[in-house]
Amino acid sequence: MAVNLKGRSFLTLMDFTTEEIRYLLDLSRDLKAKKRAGIHNEVLKGKNVVLLFEKTSTRTRCSFELACLEEGAHVTFLDSKSSQMGKKESLEDTARVLGRFYDGIEYRGYDQKVVEDLAKYSGVPVWNGLTDVDHPTQILADMLTMEEHIAKPLNKCKVVFCGDIRNNMSYAWMYGCAKMGMDFVAYGPDVLAAEMDKETIAKVEKVAKETGATITVSSDVSAVKGADVIYTDVWASMGEEDQIPERVKLLTPFKVTKELMDSTGNPDCLFLHCLPSFHDFETDMAKQQKELGYDIREVTDEVFRSRNSKVFDEAENRMHTIKAVIVATMG
Ligand code: CP
Ligand code: NVA
């Protein structure tokens, strides 16, 4: 059956079928090739998009802005300081107003319920640019990167997410793997495994049964064996910086090192990371934390810069995949 995503919101991959995700990946590849050939069909000409950011961003914001501009749409950017949202105007009223002005709304912030409510009340497609519990556009970029570098289909691949296994990226990967019939391992400390939402895992496992995916949570390093992708993320996500001391203590054994990459037994295992990453001390935060006695690097510089690392291809793919999501749902 032909896939038609017009008018749909993109809040979580759990809302999409395997075929719909396949369609978005194929469209991403197509739009990437077109951009490289200098072809922009301006399929979004006359459309208006608003980007709401309650958390900071480099890749996601630039991807949404460029995707819209390259396809002819107009963009407004609002951060939490420069809008009334939540402070002087309810979310429902904000959504109803923005729905009158705009053809599509991107939101990055805290609560997943905000993207859900924006979609419910605005009447236009809403795209999740990251919440505390999900980051679905990132997974499309990650999968596209895998397909560009791994010579086997996604449903034959194993992805191991290392570190803060209860964060938004870990859940987002769990959803993506379940939908695409992949093997997913959350490799991290038992105490964080205990914090994972049981109801969500049960839902994911139900999907996994249908697609042939497997979902494993483990603190045993043997779980990384046979991985096609070792993935990690910062140990304290945006808004959780006060938890750095305890996270460093908990997660240092799960740092991505050359030894961990070798433990996969796969010399071609990719290293992927959503970025931004602490892999050296060239950031203010890494330096400040080092002075306080905390090494917050979740991956060594050696792995980050190795031939297995495709993190900058992955970053570029944010732009192509986000463009695909906008074109498919609003175009
Ligand atoms: N990966 C990602 O979402 O990057 P930004 O925080 O820079 O948008
Ligand atoms: N887990 C990270 C992802 C950043 C793209 C955060 O939420 O800060």
Side-chain angles (χ1 to χ4, degrees), residues 10-13 28 51-68 75 77-80 106-112 114-115 127-146 159 161-176 186-188 192 195-197 229 231-244 247-248 250-251 254-256 271-279 282-286 289 296-299 304 309-323 325-326:
F10 189 79
L11 308 184
T12 172
L13 286 180
S28 305
L51 310 180
L52 307 176
F53 278 81
E54 295 197 308
K55 287 177 178 168
T56 52
S57 168
T58 299
R59 280 146 290 271
T60 310
R61 175 180 175 180
C62 295
S63 296
F64 271 97
E65 289 209 12
L66 275 185
C68 289
V75 181
F77 174 83
L78 289 179
D79 61 21
S80 45
E106 181 276 354
Y107 173 82
R108 165 174 285 201
Y110 297 87
D111 199 340
Q112 181 76 9
V114 176
V115 274
W127 309 296
N128 183 351
L130 180 145
T131 62
D132 284 345
V133 296
D134 212 335
H135 197 9
T137 62
Q138 179 71 50
I139 300 301
L140 291 181
D142 301 343
M143 287 180 176
L144 182 63
T145 311
M146 285 177 68
V159 173
F161 182 91
C162 308
D164 183 9
I165 54 176
R166 42 140 298 282
N167 83 2
N168 43 14
M169 278 312 311
S170 177
Y171 280 108
W173 254 120
M174 204 175 1
Y175 304 150
Y187 170 60
L192 293 186
E195 287 180 25
M196 292 174 85
D197 187 61
V229 172
Y231 201 104
T232 195
D233 187 9
V234 292
W235 290 343
S237 289
M238 288 180 271
E240 298 180 343
E241 289 76 7
D242 60 329
Q243 293 175 44
I244 286 175
R247 291 284 170 75
V248 169
L250 265 178
L251 293 172
F254 298 89
K255 189 191 287 276
V256 177
F271 171 71
L272 295 179
H273 191 308
C274 53
L275 306 183
S277 162
F278 296 115
H279 57 93
E282 297 302 315
T283 59
D284 290 347
M285 196 184 285
Q289 292 298 331
I296 61 171
R297 292 171 304 166
E298 69 274 0
V299 54
F304 189 87
S309 172
K310 302 297 172 201
V311 295
F312 296 111
D313 290 347
E314 186 186 1
E316 178 192 330
N317 284 337
R318 295 298 310 287
M319 180 171 54
H320 308 300
T321 45
I322 281 175
K323 191 187 277 179
V325 169
I326 301 172

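Atoms within each ligand, like the ligands themselves, are counted from 1 in listed order. Throughout, numbering of the chain's residues begins at 1 and tracks the sequence.
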### Message
Taking 4.0 angstrom as the limit and counting only heavy atoms of N167, give me the atoms of ligand 2 inside it, by number and element.
### Response
1 (N)
### Query
Of all the non-hydrogen atoms in the protein, which one sits nearest to atom 3 (C) of ligand 2, and at what distance?
D233 OD2, 3.5 Å
#### Entry: Parallel, tilted or perpendicular: ring planes of H273 versus Y231, cut at 30 and 60 degrees
parallel
### Task
Measure the shortest side-chain to side-chain distance between W127 and I326 over non-hydrogen atoms and say whether it is less than 4.5 angstrom.
yes
### Message
If I apply the N/O under 3.5 Å rule, does S237 come out as touching ligand 2?
### Response
yes
### Task
Run the numbers for me: atoms of ligand 2, each under 4.0 Å from some heavy atom of L130, listed by number.
3 (C), 4 (C), 5 (C), 7 (O)
### Query
Testing T321, N317, D313 for side chain to side chain donor-acceptor pair (under 3.5 Å) with T145, which one passes?
N317
### Message
So which atom in M169 and which in C274 form the shortest heavy-atom distance, rounded to 0.1 Å?
### Response
CG-SG, 3.7 Å
### Task
Go through the side-chain N and O atoms of N128 and D134 and say whether any donor and acceptor fall under 3.5 Å apart.
no
### Task
Could you please provide the protein residues found below 4.0 Å of ligand 1 on a heavy-atom basis, arranged by chain and number?
S57, T58, R59, T60, R108, H135, Q138, C274, L275, R318
## Note on the structure
Quick note on ligand 2: atoms under 4.0 Å from a heavy atom of N168 include exactly 1 (N), 2 (C), 6 (C), 7 (O)
### Message
With side-chain contact (heavy atoms from CB on, under 4.5 Å) as the test, pick out the partner of D233 among N168, L272, D164, L275.
### Response
N168
### Query
Considering only heavy atoms of L275, which atoms of ligand 2 have at least one such atom less than 4.0 Å away?
5 (C)
### Message
Please list the nearest protein heavy atom to atom 8 (O) of ligand 2 with its residue and the distance rounded to 0.1 Å.
### Response
M238 N, 2.8 Å
### Task
Pick out which of T137, T56, T131, T60 makes a side chain to side chain donor-acceptor pair (under 3.5 Å) with R108.
T60
### Summary
Scanning both residues in full, the closest heavy-atom pair of V299 with K255 reads N-CG, 4.0 Å
### Query
If you draw the axis of the six-membered ring of F53, does the NZ or CZ of R61 fall within 45° of it and under 6.0 Å from the ring centre?
no
